[in-house]
Amino acid sequence: EVGLYGIGQKIDALLALVLSGFQAAWAPFAVSQRDSSRQAAVFGRVLLLVAAVGVLFATLLSLAAPRLALLAASPAYVGASIFVPPLALSATLGAVYFVVCIGAFLEGRSLLNLLAYATGLAVTVLINVLLVSAHAPAIGVAWANCAGQAAAVIAMTILSERVHPLAFPVGRATLVM
């Protein structure tokens, strides 16, 4: 299962690579919009775009995962494809996190990042402890990771909106995810 998980992570790394390009460009762009009267509208569109593109690529990558696992390893590793959907969604949530944390970033409230990540980490660890005690299969680790990332996004959305309200289209982004 560890080997399958590892191949699933390597496949997911394709999406993480694409999203890391966005993450590198996002902060400078967001800072350039700091005084824009259209800041909230632009940031809201970016949130929806990142969620939609991330989910689209996660879906395509998940569908291609059996073939990619075969190319990356051997027929014995085709089962790694079951790990790709939760890991790809987690990577997408990581990019969404970068968007929703912009309010805290613009206000110089970096401790809010720590609090949001601690929340996500706590959720991940708690779910994993429960899964290990229930002798659940390794796929639970991938879903726990995804749930922890979702908890971090939720926490950061709430915290960031308190210090720099942007009225993100959270409902629509949630539907997309």
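The chain is numbered in sequence order, starting from 1.
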Quick one: are [X] and [Y] in side-chain contact, heavy atoms under 4.5 Å?
X	Y	result
V100	S160	no
V125	V129	yes
F83	I11	no

Apply side chain to side chain contact (heavy atoms under 4.5 Å, CB included) to V53 and F57, showing your working. CA-CA 6 Å; V53 169; F57 280 132; 3.4 Å; yes

With a 3.5 Å distance limit and no angle check, can you tell me whether [X] reaches the backbone of [Y] through a side-chain donor-acceptor pair?
X	Y	result
N145	V141	no
S32	F29	yes
E161	A167	yes
S90	P86	no

Could you tell me the separation between the [atom1] atom of [X] and the [atom2] atom of [Y], rounded to the nearest 0.5 Å?
X	Y	atom1	atom2	answer
Y77	L70	OH	CG	13.0 Å
L48	F168	CG	CZ	10.0 Å
Q149	L89	CD	CG	11.0 Å
L112	M156	CG	CE	5.5 Å
L56	L49	CG	CG	10.5 Å

Mutual orientation of the aromatic rings belonging to Y97 and Y117 [parallel < 30°, tilted 30-60°, perpendicular > 60°]: tilted

Inter- and intrachain pairs under side-chain hydrogen bond (donor to acceptor under 3.5 Å, both in side chains), touching residues 4-22, at least two apart: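 Listed by first then second residue: nothing to list.
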
Check step by step if side chain to side chain contact (heavy atoms under 4.5 Å, CB included) holds for L68 and L61. CA-CA 9 Å; L68 293 171; L61 195 60; 3.7 Å; yes

With hydrophobic residues grouped by side-chain heavy-atom distances under 4.5 Å, do I158 and L47 end up in a single group?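 Hydrophobic grouping puts I158 apart from L47.
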
Could you go through residues 102-111 and list every donor-acceptor pair under 3.5 Å that involves a side-chain atom there, pairing it with any protein atom two or more places apart or in another chain?
from: E107; atom 1: OE2; to: H164; atom 2: ND1; distance (Å): 2.6

